[in-house]
Student: 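I'd like to ask you about the structure that follows.
Naming: A, B, ... by sequence-line order, numbering from 1 per chain.
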Protein chains: 2
Amino acid sequence: MYKLLKKQGSARRGEFTTPHGVVQTPVFMNVGTLAAIKGAVSTCDLKEIGCQVELSNTYHLSLRPGDKIIRKLGGLHKFMNWDRPILTDSGGFQVFSLSKIRKIKEEGVYFNSHIDGSKIFMGPEESMQIQSNLASTVAMAFDECIENPSPKDYVQRSVERTTRWLKRCKVEMDRLNSLPDTINNKQMLFGINQGGVYDDIRIEHAKIISEMNLDGYAIGGLAVGETHEEMYRIIEKVVPHLPQDKPIYLMGVGTPANILEAVERGVDFFDCVLPARNGRHSHVFTSEGEINLLNAKYQLDDSPIDRGCQCPTCKNYTRAYIRHLFKAKEMLAMRLCVLHNLYFYNNLMKEIRDSIDGDYFPKYKKEKLEQWNQ
Amino acid sequence: MYKLLKKQGSARRGEFTTPHGVVQTPVFMNVGTLAAIKGAVSTCDLKEIGCQVELSNTYHLSLRPGDKIIRKLGGLHKFMNWDRPILTDSGGFQVFSLSKIRKIKEEGVYFNSHIDGSKIFMGPEESMQIQSNLASTVAMAFDECIENPSPKDYVQRSVERTTRWLKRCKVEMDRLNSLPDTINNKQMLFGINQGGVYDDIRIEHAKIISEMNLDGYAIGGLAVGETHEEMYRIIEKVVPHLPQDKPIYLMGVGTPANILEAVERGVDFFDCVLPARNGRHSHVFTSEGEINLLNAKYQLDDSPIDRGCQCPTCKNYTRAYIRHLFKAKEMLAMRLCVLHNLYFYNNLMKEIRDSIDGDYFPKYKKEKLEQWNQ
């Protein structure tokens with residue numbers, strides 16, 4: 001259940017209540033694709049760096065270790081020892097981004113495993129069944145994610161099918177939640193708005209799915225080829241047509257600047273692999289923008305990654321030390337940078353929430369964008 | 001300074017006081033070759049898992065990042081944020097184990113870098129200078145480590161040279177400690193007993209170095225080809241000829257059983273890459289012996305690696321989860337197992353100390369060996 005606490009312009013400060021606790025929004029979800037954050041970061045670490053919601057991938061987990069294994073072990077929360085909310089994606093995006101050969105039919109998608117090439121079928125019902133086995137807090141609807149730009153007539157037909165799939169997702173999730181042996185019988189379902197870069201298709205679709213009384217609404221199919229400006233325009237167009245009493249989730253976005261722009265336009269939930277991926281490649285976020293620790297100028301730099309940062313890395317280790325770890329190919333380098341970057345994102349969201357609470361979000365946003373572009 | 005607190009048979013319970021704090025012995029030193037424990041384990045983690053002494057490698061650090069860099073950054077303690085004792089090896093073992101081409105002369109060893117093949121010279125003075133730059137708590141003497149078995153006449157000549165090198169090490173360390181700009185002007189020096197598997201050479205060498213009033217004495221050149229029985233015999237022969245008011249360190253050893261046997265024969269200090277290396281390869285130590293988590297029987301095993309273990313891994317994660325992480329090639333798998341294995345070793349040493357304090361070491365040793373061999 002989403003409760004709007006405060007609004008400044010279109011920026012929303014809210015609380016999202018789930019069976020696994022209350023989420024303060026806007027929020028950034030930390031991505032643990034295979035039930036672990038890449039870079040040797042555990043759920044214990046996630047608590048320490050202020051993560052509220054963990055996100056895992058339905059498609060990946062269905063292959064390894066298998067959703068039925070996780071179900072037998074009591075669900076994803078127990079499996080990875082995380083008692084706060086978990087959102088699972090639907091597998092839709094991975095089917096389109098990881099599989100080279102795929103055939104989309106009305107019933108679902110036939111494709112090949114990215115691990116061993118074996119044939120797999122996934123449709124709305126299968127996606128819901130897997131997510132029910134995982135027993136995440138929030139399940140995402142199974143949709144088609146189209147790259148941008150795509151021909152308008154294709155996008156139109158795809159979105160219509162995604163709508164039909166969404167209805168099937170809802171029916172199936174209701175059925176699964178009512179089964180006596182379901183692990184999480186209050187599993188929530190978020191629908192996903194699609195429509196490429198076509199405002200009219202996006203708006204029409206937003207209106208249709210808004211009437212389905214889902215637990216939340218995502219904007220999907222962005223950050224897949226279009227410009228930042230197109231992305232911001234679409235968010236602006238779509239948000240007013242989504243229910244204002246439900247959380248709005250912008251999928252797979254993005255940079256710290258993207259997040260500020262999207263919050264300004266009314267988005268509540270975010271996720272992105274960027275902070276963990278960049279951290280593993282020595283790129284870290286600071287109050288003065290992103291830096292690459294491999295740069296020779298950090299060889300004798302005994303300051304933390306970011307002065308004033310309260311993350312476990314900055315409280316204990318220097319740029320010179322972490323640079324050495326990267327040069328020496330020590331795994332610890334990746335871990336320290338992923339911890340820092342995720343803390344940076346989680347802390348950014350906290351500061352955003354504080355700024356909306358305190359009525360100074362526009363000022364905060366302006367200052368941050370200026371600092372990062374120094 | 002070493003203080004013998006208690007003896008049971010030849011097993012010793014002691015305290016070793018250093019400028020970086022007091023070490024309770026017998027102790028296992030946790031190996032961080034390049035100023036980091038392999039497996040994404042940090043010095044913060046080391047504190048949590050009961051590590052008393054960290055060990056780093058002189059040769060590796062002299063190449064990356066360079067001992068002069070570490071000196072400029074205030075020494076190894078500051079560099080890696082560790083305020084407890086650090087022991088650095090001398091580089092001698094690495095010269096012999098990592099370099100394919102080497103030439104041993106009276107002045108030292110000419111060899112090729114294992115990174116880029118470039119020519120390097122290291123002698124006793126160079127080793128002391130590097131270790132002084134690192135500013136470790138304990139420096140190890142530069143010696144020749146000979147593989148077992150080697151011809152007796154070669155071993156005899158090598159040991160005589162190692163003795164001459166030890167004298168040069170002591171002179172150089174005294175000189176370095178007296179320099180006004182030395183970071184740690186109380187750096188300690190341990191000598192190393194050599195002599196292959198020849199009791200008479202070992203004993204003669206032990207007697208000679210015992211007269212040099214060093215801060216501690218190591219038994220080197222074991223676990224390099226000889227049988228466990230030969231190793232135990234040599235420890236038994238050598239220990240009585242080393243000063244009883246100085247700590248005795250068995251280098252590079254070993255399995256939990258090796259440690260129990262060596263403690264029984266009077267050894268105080270240990271180090272080994274085994275627990276971290278095995279952990280990275282899914283092999284973990286338990287109260288019922290070593291197990292391989294990749295074994296299919298752990299797929300649905302929701303118990304911790306070792307029931308009753310108080311390590312951060314066992315308190316939070318299951319065998320099934322860690323097995324999945326290995327299968328999914330998640331770095332977190334290695335981290336969790338290295339944390340567990342190092343905790344297992346540190347905790348083993350604590351139990352050994354308690355058993356000597358409580359006068360039941362022989363019973364404890366017998367029980368442990370039986371449990372591990374179940």
Student: Return the option, out of A:I115, A:V41, A:T33, with the maximum number of heavy-atom pairs under 4.5 Å with chain B.
Tutor: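 Answer, by heavy-atom pair count under 4.5 Å with chain B: A:V41.
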
Student: B:Y317 versus A:C44: any side-chain heavy-atom pair under 4.5 Å?
Tutor: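 They are in contact (side-chain heavy atoms under 4.5 Å apart), so the answer is yes.
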
Student: Is the backbone N or O of A:N316 less than 3.5 Å from a side-chain atom of B:N81, with the two atoms forming a donor-acceptor pair by type?
Tutor: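 Present.
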
Student: Which region of A:L61, side chain (C-beta onward) or backbone (N, CA, C, O), has a non-hydrogen atom less than 4.5 Å from a non-hydrogen atom of chain B, or is it both or neither?
Tutor: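 Side chain only.
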
Student: For A:K47, does the NZ atom have more than 12 heavy-atom neighbours from other residues, nucleotides or ligands under 6.0 Å away?
Tutor: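 More than 12 heavy atoms, drawn from other residues, nucleotides or ligands, come within 6.0 Å of this atom.
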
Student: Can you label the angle between the A:F79 ring and the B:H324 ring as parallel, tilted or perpendicular, going by 30° and 60°?
Tutor: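 Rings of A:F79 and B:H324: tilted, as their planes differ by 30° to 60°.
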
Student: Contact part of B:I37 toward chain A, heavy-atom cut-off under 4.5 Å: side chain, backbone, both or neither?
Tutor: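 When you check distances to chain A, only backbone atoms of B:I37 fall under 4.5 Å.
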
Student: Measure distances from B:L300 to the heavy atoms of chain A and classify the residue's part below 4.5 Å as side chain, backbone, both or neither.
Tutor: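 The answer is both parts of B:L300.
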
Student: Can you tell which part of B:K327 gets under 4.5 Å to a heavy atom of chain A, answering side chain, backbone, both or neither?
Tutor: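 Just the backbone, heavy atoms under 4.5 Å.
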
Student: With a 4.5 angstrom heavy-atom cut-off, could you sort out which part of B:A35 is near chain A: side chain, backbone, both or neither?
Tutor: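 Contact with chain A: backbone and side chain both.
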
Student: Kindly give the heavy-atom pair with the smallest separation between A:R335 and B:A40, and that separation in Å.
Tutor: CD-O, 3.3 Å

Student: When you compare the side chain of B:M331 with that of A:M334, does any pair of heavy atoms fall below 4.5 Å?
Tutor: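 A:M334 reaches B:M331 side chain to side chain.
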
Student: Near B:R277 CZ, under 6.0 Å, is it more than 12 heavy atoms from other residues, nucleotides or ligands?
Tutor: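 Result for CZ/B:R277: open.
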
Student: Please determine, among B:H60, B:K38, B:R323, B:K78, the option with the most heavy-atom pairs under 4.5 Å with chain A.
Tutor: B:K38

Student: Going from CG on A:L34 to CG on B:L332, what distance comes out if it is rounded to the nearest 0.5 angstrom?
Tutor: 11.5 Å

Student: Just checking B:Y298: does its OH atom have more than 12 heavy atoms from other residues, nucleotides or ligands closer to it than 6.0 angstrom?
Tutor: yes

Student: Near B:F111 CZ, under 6.0 Å, is it more than 12 heavy atoms from other residues, nucleotides or ligands?
Tutor: yes

